[in-house]
J.: 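Please find one structure pasted underneath; my questions will follow.
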Amino acid sequence: QVQLAESGGGLAQAGGSLRISCAASGSTFTTYAMGWFRQAPGKEREFVAALSWSGRITRYADSVEGRFTMSRDKAKTTVYLQMSDLKPEDTAVYFCAAVPGGSSYYTPRLSSDYTYWGPGTQVTVSS
């Protein structure tokens, strides 16, 4: 059983940067594909980024491509989402998610593909 906990959210200005983290307990991410999703008020949860368990493949939503970078630490207990050139439309609650197994290139985009979820962290970008 994996428990996920996000941290690092907060308030940023448009054009600024912020890094959020997702720490795992109960297991490492050795064979888990990881994902970041976000949900703005009144909107559905949407895919942001995914990282294969091998660490070889990352995938991003078009809306964040080139601005956000997903990575993980060498111990494979924490994943990060580095967000740059933030825009007000990036304001949302950000969730990390994990799913065990799959190929070394597996980077799911659907929330239904993930098994474990963190409670989320709020990111607010002011204009």
J.: Return yes if some donor-acceptor pair links the side-chain N/O of Trp53 with the main-chain N/O of Tyr105 below 3.5 Å, else return no.
T.: no

J.: Determine the minimum heavy-atom distance between Ala12 and Ser17, stating which atoms define it.
T.: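 Heavy atoms of Ala12 and Ser17 come nearest at CB-O, 4.5 Å.
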
J.: Measuring from atom CD of Gln122 to atom CG of Leu11, what distance do you get when rounded to the nearest 0.5 angstrom?
T.: 10.0 Å

J.: Please report the shortest heavy-atom distance between Arg109 and Tyr60, naming the atom on each side.
T.: NH1-O, 3.7 Å

J.: Measure across Pro108 and Ala50 and return the closest heavy-atom pair with its distance rounded to 0.1 Å.
T.: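 In this case the closest contact between Pro108 and Ala50 is O-CB, 3.6 Å.
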
J.: Between Phe37 and Met83, is there a shared hydrophobic cluster once you connect ILVMFWY residues whose side-chain heavy atoms come closer than 4.5 Å?
T.: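 As far as the 4.5 Å side-chain criterion goes, Met83 and Phe37 are not connected within one cluster.
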
J.: Quick one: does Asp85's side chain have a donor or acceptor within less than 3.5 Å of a partner on Arg67's backbone?
T.: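 No; judged by distance alone, with no hydrogens or angles, the pair does not exist.
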
J.: Report yes if the side chains of Trp36 and Cys22 come closer than 4.5 Å at any heavy-atom pair, otherwise no.
T.: yes

J.: Taking the six-membered ring of Tyr80 as reference, does the NZ or CZ atom of Arg19 fall below 6.0 Å from its centre and within a 45° cone about the axis?
T.: yes

J.: Does some side-chain heavy atom of Ser71 sit less than 4.5 Å from a side-chain heavy atom of Gln82?
T.: no

J.: With heavy-atom distances below 4.5 Å as the criterion, would you say the side chains of Arg45 and Phe95 are in contact?
T.: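 Yes, close enough: below the 4.5 Å cut-off.
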
J.: Rounded to the nearest 0.5 Å, how far apart are CG of Leu4 and OG of Ser25?
T.: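 Interatomic distance, Leu4 CG to Ser25 OG, rounded to 0.5 Å: 7.5 Å.
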
J.: How long is the gap from CD on Glu44 to CZ on Arg38, to the nearest 0.5 Å?
T.: 14.0 Å

J.: Rounded to the nearest 0.5 Å, what separation is found between the CG atom of Leu51 and the SG atom of Cys96?
T.: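 Taking CG in Leu51 and SG in Cys96, the distance rounds to 12.0 Å.
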
J.: Count I, L, V, M, F, W, Y as connected when their side-chain heavy atoms are under 4.5 Å apart, and connections chain through other members. Are Phe68 and Ile20 then in the same cluster?
T.: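 Yes: a chain of side-chain contacts under 4.5 Å links Phe68 to Ile20.
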
J.: About how many Å separate NZ of Lys76 and OG1 of Thr31, when rounded to the nearest 0.5 Å?
T.: 9.0 Å

J.: Any idea which heavy atoms bring Arg72 and Ser52 closest together, and the distance?
T.: NH1-O, 3.8 Å

J.: Kindly work out whether a path of hydrophobic side-chain contacts (I/L/V/M/F/W/Y, heavy atoms less than 4.5 Å apart) joins Tyr32 to Leu81.
T.: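 Linked, Tyr32 and Leu81 end up in one cluster.
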
J.: When hydrophobic residues are tied together by side-chain contacts of less than 4.5 Å, even through go-betweens, does Phe47 share a cluster with Met34?
T.: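 No, it is not one cluster - the side chains of Phe47 and Met34 are not joined through contacts under 4.5 Å.
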
J.: In terms of hydrophobic clusters joined by side-chain contacts under 4.5 Å, are Leu86 and Met70 together?
T.: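 Yes, one cluster joins them.
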
J.: Would you check if Asp113 and Val99 make a side-chain contact, meaning some heavy-atom pair closer than 4.5 Å?
T.: no

J.: If you compare all heavy atoms of Tyr114 against all heavy atoms of Ala33, which two are closest, and at what distance to 0.1 Å?
T.: CE2-O, 4.0 Å

J.: Does a side-chain heavy-atom distance below 4.5 Å link Val125 with Glu89?
T.: no

J.: Report, as yes or no, whether the 6.0 Å neighbourhood of atom CD on Gln13 holds more than 12 heavy atoms from other residues, nucleotides or ligands.
T.: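 Incorrect, the count does not exceed 12.
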
J.: Give the minimum heavy-atom separation between Ala24 and Val2, together with the two atoms involved.
T.: CB-CG1, 4.3 Å

